[in-house]
Amino acid sequence: MRSSLLCMLSGVLFFSFAAHAEDMPAMHGMHDMSQHPAMHSQMQTYQSQGVIKKITPDAISIAHKAIPALNWPPMTMQFAVVKGSTFAPVKVGDKVDFTFVQSENGYQLVSLTPQR
């Protein structure tokens, strides 16, 4: 009898918590850790070379060479720039070496270096 009551009470608490978890806001104020530079060291990093096509405050478009590790052909695509990132100055038309990671929010630049 006592163990049945304990099991029933545990079940009620579990389902009560599960029901309230759905009502919780989506962790407002919490940071997306994929944006944190330290997380990049734990993620698979890819590298390539390319030409800068467009620069905005939030992203850089690069026409890059094939990336065999991802089975990608040469293409032009946009890479996010994480706020607080610092790269060597580049301009449209510059040839660059770059590294990036794939995160929940897309592809993010880790490094960007002009070729000499």
Side-chain angles (χ1 to χ4, degrees):
M1 174 80 172
R2 188 177 217 179
S3 65
S4 296
L5 184 58
L6 185 58
C7 275
M8 188 169 49
L9 181 58
S10 296
V12 168
L13 288 174
F14 173 77
F15 287 112
S16 174
F17 177 75
H20 288 291
E22 291 179 9
D23 295 334
M24 293 176 69
M27 297 176 54
H28 293 292
M30 298 297 287
H31 297 287
D32 177 2
M33 291 306 291
S34 68
Q35 301 287 329
H36 194 278
M39 291 301 291
H40 292 173
S41 64
Q42 298 173 7
M43 301 170 102
Q44 175 69 46
T45 302
Y46 303 97
Q47 61 185 18
S48 188
Q49 300 81 37
V51 177
I52 302 290
K53 293 297 185 180
K54 183 178 179 182
I55 300 172
T56 68
D58 299 323
I60 297 177
S61 293
I62 303 173
H64 64 75
K65 293 182 178 181
I67 303 175
L70 292 167
N71 199 27
W72 285 359
M75 68 177 111
T76 300
M77 60 184 291
Q78 184 171 295
F79 295 88
V81 175
V82 177
K83 290 181 183 176
S85 296
T86 55
F87 301 121
V90 293
K91 62 186 180 314
V92 172
D94 284 354
K95 292 181 180 180
V96 295
D97 294 313
F98 66 100
T99 58
F100 64 97
V101 295
Q102 182 177 6
S103 73
E104 294 175 2
N105 300 327
Y107 298 97
Q108 297 177 338
L109 286 172
V110 174
S111 68
L112 182 70
T113 308
Q115 294 178 353
R116 295 181 183 198

What's the spacing between [X] [atom1] and [Y] [atom2] if we round to 0.5 Å?
X	Y	atom1	atom2	answer
Ile60	Phe98	CD1	CZ	10.0 Å
Ser61	Lys53	OG	NZ	10.0 Å
Met75	Ile67	CE	CD1	6.5 Å

At their closest point, which heavy atom of [X] faces which heavy atom of [Y], and how far apart are they?
X	Y	answer
Gly50	Ile62	CA-CG2, 3.9 Å
Phe87	Val110	CE2-O, 3.3 Å
Asp94	Val90	OD2-CA, 3.4 Å
Gln78	Ala59	CG-CB, 3.3 Å
Pro114	Pro89	CG-O, 3.8 Å
Gln47	Thr99	CB-CG2, 3.7 Å

>> Angle between ring planes, Phe100 versus Trp72, binned at 30° and 60°: parallel, tilted or perpendicular?
In response: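 Rings of Phe100 and Trp72: parallel, under 30°.
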> Do the side chains of Leu112 and Tyr107 join up, straight or via other hydrophobic residues, at under 4.5 Å, putting them in one cluster?
Replying inline: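 Yes, Leu112 and Tyr107 fall within the same hydrophobic cluster.
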>> Grouping I, L, V, M, F, W and Y whenever their side-chain heavy atoms are under 4.5 Å apart, do Ile55 and Val51 come out in a common cluster?
In response: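 No.
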> Is there side-chain contact between Gln49 and Lys95, with heavy atoms separated by less than 4.5 Å?
Replying inline: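 No - every pair of side-chain heavy atoms lies 4.5 Å or more apart.
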>> Within the structure provided, determine whether Tyr46 and His64 are in side-chain contact (heavy-atom separation under 4.5 Å).
In response: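 Answer no - side chains too far apart.
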